[in-house]
Amino acid sequence: MGSLDDKSALITGASRSIGRGIAEAFGREGATVAVNYHSNDEAAEETVETIENEGSTATAVQADVSEEMEAKELVETVTEEFGGIDVLVNNAGILKPSTLAEMDVETWDQTISVDLRGTFLVTRFVIGDMLDQGEGRIINIASQLGFKGATELTHYSAAKGGVIAFTRALAREVAPDVQVNAIAPGPIETDLLDDTSDEWRENKKAEVPLGRIGTIDEVVPTAVLLAGDGGDYYTGQTLSPDGGDAMH
Ligand code: NAP
């Protein structure tokens, strides 16, 4: 018996890193899993294979979550294939550091489009059916930087702060049928940190009370909690596996 038996879940950006970790854990908990990805089809297929090898059902679905029609088709495809979506995890995100003085408008727009608009779009196309079902769980992956901000990340911090506010507003709007929560991880060892310098990493470790960069496995249990029975009394919350980086 898994905590997500008979549930179907859509996880955006699940080809790699945190999204993949959540997708695989949901599969182990018995959920049927849709693995959304943007461009990395091989990695998405690997996620699907792992979930299937561990005994659950999964499918990979390509879509750019920042594009309205692609987000709509993503939700329609998964709904048709699985007969509905019980759990949505809005995880897809990008991060391209730049000072505000040097930031071109395209970089700003792209970050807001994927990290904030993408969360709105996929949720927009899922929410009607969840309300009709009378239940559903939405988990938005924000960031500790949505609380504390960071240099060279005004766009990312604004998008993630927006995700936290979106979570709270929607949680009020769709309660008690649908529960909406966020997770705000701290620095986590993934491809997203590929472009960071050694100096950045050392400074970051010094800044985080627990003194290190976290791992994907230290974020995933929070998503499992919020998706299953353990999350029954949570809505509008932002939980923070972040080593104490942002205390709020
Ligand atoms: P990652 O390693 O860069 O993986 C990003 C994932 O998002 C990939 O699966 C990628 O798909 C997908 N993606 C990117 N743009 C997309 C789009 N337009 N449409 C659909 N999918 C898209 O990132 P991560 O570190 O796992 O981060 C996952 C989430 O956690 C993000 O929202 C991030 O902001 C948040 N977060 C991360 C950290 C951290 O330190 N790592 C900290 C706090 C919050 P492809 O493989 O096809 O490119």
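Order of appearance sets the numbers: ligands from 1, and atoms from 1 within every ligand. Position 1 is the first residue of the sequence, and the numbers go up from there.
Near V114, with a cut-off below 4.0 Å to any heavy atom, the atoms of ligand 1 are 15 (N), 18 (N). Atoms of ligand 1 lying under 4.0 Å from any heavy atom of P187, numbered from 1 in the order shown and given with element: 40 (O). Within ligand 1, counting atoms from 1 as listed, the ones closer than 4.0 Å to a heavy atom of N36 are 20 (C), 21 (N). Here is the list of ligand 1 atoms found below 4.0 Å of a heavy atom in S39: 45 (P), 47 (O), 48 (O). Those atoms of ligand 1 that come under 4.0 Å of a heavy atom in A63, given as number and element, are 19 (N), 20 (C). Of all the atoms in ligand 1, the ones that sit under 4.0 Å from a non-hydrogen atom of Y37 are 47 (O).
Nearest protein heavy-atom contact of atom 36 (N) of ligand 1 is Y156 OH, 3.5 Å. Atom 48 (O) of ligand 1 has as its closest protein heavy atom R16 NH2, 3.0 Å. Counting protein heavy atoms only, atom 6 (C) of ligand 1 is closest to G13 O, 3.6 Å. Residue, atom and distance of the protein heavy atom nearest to atom 3 (O) of ligand 1 are L192 CD1, 3.5 Å. The protein non-hydrogen atom at the shortest distance from atom 30 (O) of ligand 1 is I141 CG2, 3.3 Å. Nearest protein heavy-atom neighbour of atom 16 (C) of ligand 1: H38 CB, 3.6 Å. In this structure, the protein non-hydrogen atom closest to atom 42 (C) of ligand 1 is G186 O, 3.1 Å. Ranking the protein heavy atoms by distance from atom 40 (O) of ligand 1 puts I188 N, 2.8 Å first.
Note on R212 versus E218: salt bridge recorded, some NZ/NE/NH1/NH2 to OD/OE distance being below 4.0 Å. Comment: K148 engages E207 in a salt bridge, judged by a side-chain N to carboxylate O separation of less than 4.0 angstrom. Using a 4.0 Å cut-off between charged side-chain N and carboxylate O, E68 and K72 make no salt bridge. With respect to R20 and D191, no salt bridge is recorded, no charged nitrogen being found less than 4.0 Å from a carboxylate O. E67 has no carboxylate O lying under 4.0 Å from a charged side-chain N of R117, or vice versa, which leaves the two without a salt bridge.
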* To do: Take S15 and N40 through the side chain to side chain donor-acceptor pair (under 3.5 Å) test and state the conclusion after the steps.
  => CA-CA 7 Å; S15 44; N40 213 331; 5.3 Å; no

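With a 4.5 Å cut-off on side-chain heavy atoms, T47 and E24 count as touching. For the pair V35 and T59, the minimum side-chain heavy-atom distance is 4.5 Å or more. At a threshold of 4.5 Å between non-hydrogen side-chain atoms, the residues V219 and I183 count as touching.
Below 3.5 Å of separation, one finds an N or O of N40 facing an N or O of ligand 1. Not a single N or O atom of L193, backbone or side chain, sits closer than 3.5 Å to an N or O atom of ligand 1. Residue contacts with ligand 1: T190 is placed with a nitrogen or oxygen under 3.5 Å of a nitrogen or oxygen of the ligand (distance criterion only). Between N91 and ligand 1, at least one N/O pair is under 3.5 Å apart. Checking only distances, K160 does come within under 3.5 Å of ligand 1, N or O to N or O. For a threshold of 3.5 Å applied to N or O pairs, the pair formed by I94 and ligand 1 contains no separation below that value. Inclusion of S66 in the set of residues having an N or O under 3.5 Å from an N or O of ligand 1 is not warranted. For ligand 1, none of its N or O atoms has an N or O atom of G19 under 3.5 Å away.
Distances from ligand 1 to the non-hydrogen atoms of G214 include no value under 4.0 Å. Residue contacts with ligand 1 include D64, since one of its heavy atoms falls under 4.0 Å from the ligand. Taking 4.0 Å as the cut-off, A43 does not count as a neighbour of ligand 1 on heavy-atom distance.
In this model, no donor atom of one side chain and acceptor atom of the other lie less than 3.5 Å apart for T107 and H155. Looking at E29 and S3, their side chains do bring a donor and an acceptor atom within 3.5 Å of each other. There is no side-chain donor-acceptor pair under 3.5 Å between Q237 and N181. Checking T50 against N53 by side-chain atom types alone, no donor-acceptor pair falls below 3.5 Å. No hydrogens or angles considered: nothing links the side chains of T215 and D217 as a donor-acceptor pair under 3.5 Å.
The environment of D232 atom CG is dense: over 12 non-hydrogen atoms of other residues, nucleotides or ligands sit within 6.0 angstrom. Residue D6 places its CG atom among 12 or fewer non-hydrogen atoms of other residues, nucleotides or ligands, all under 6.0 Å distant.
The nearest non-hydrogen atom to atom 2 (O) of ligand 1, considering only A184, S17, P185, A71, comes from S17. Within the set A14, G93, A142, the minimum heavy-atom distance to atom 44 (C) of ligand 1 is found for A142.
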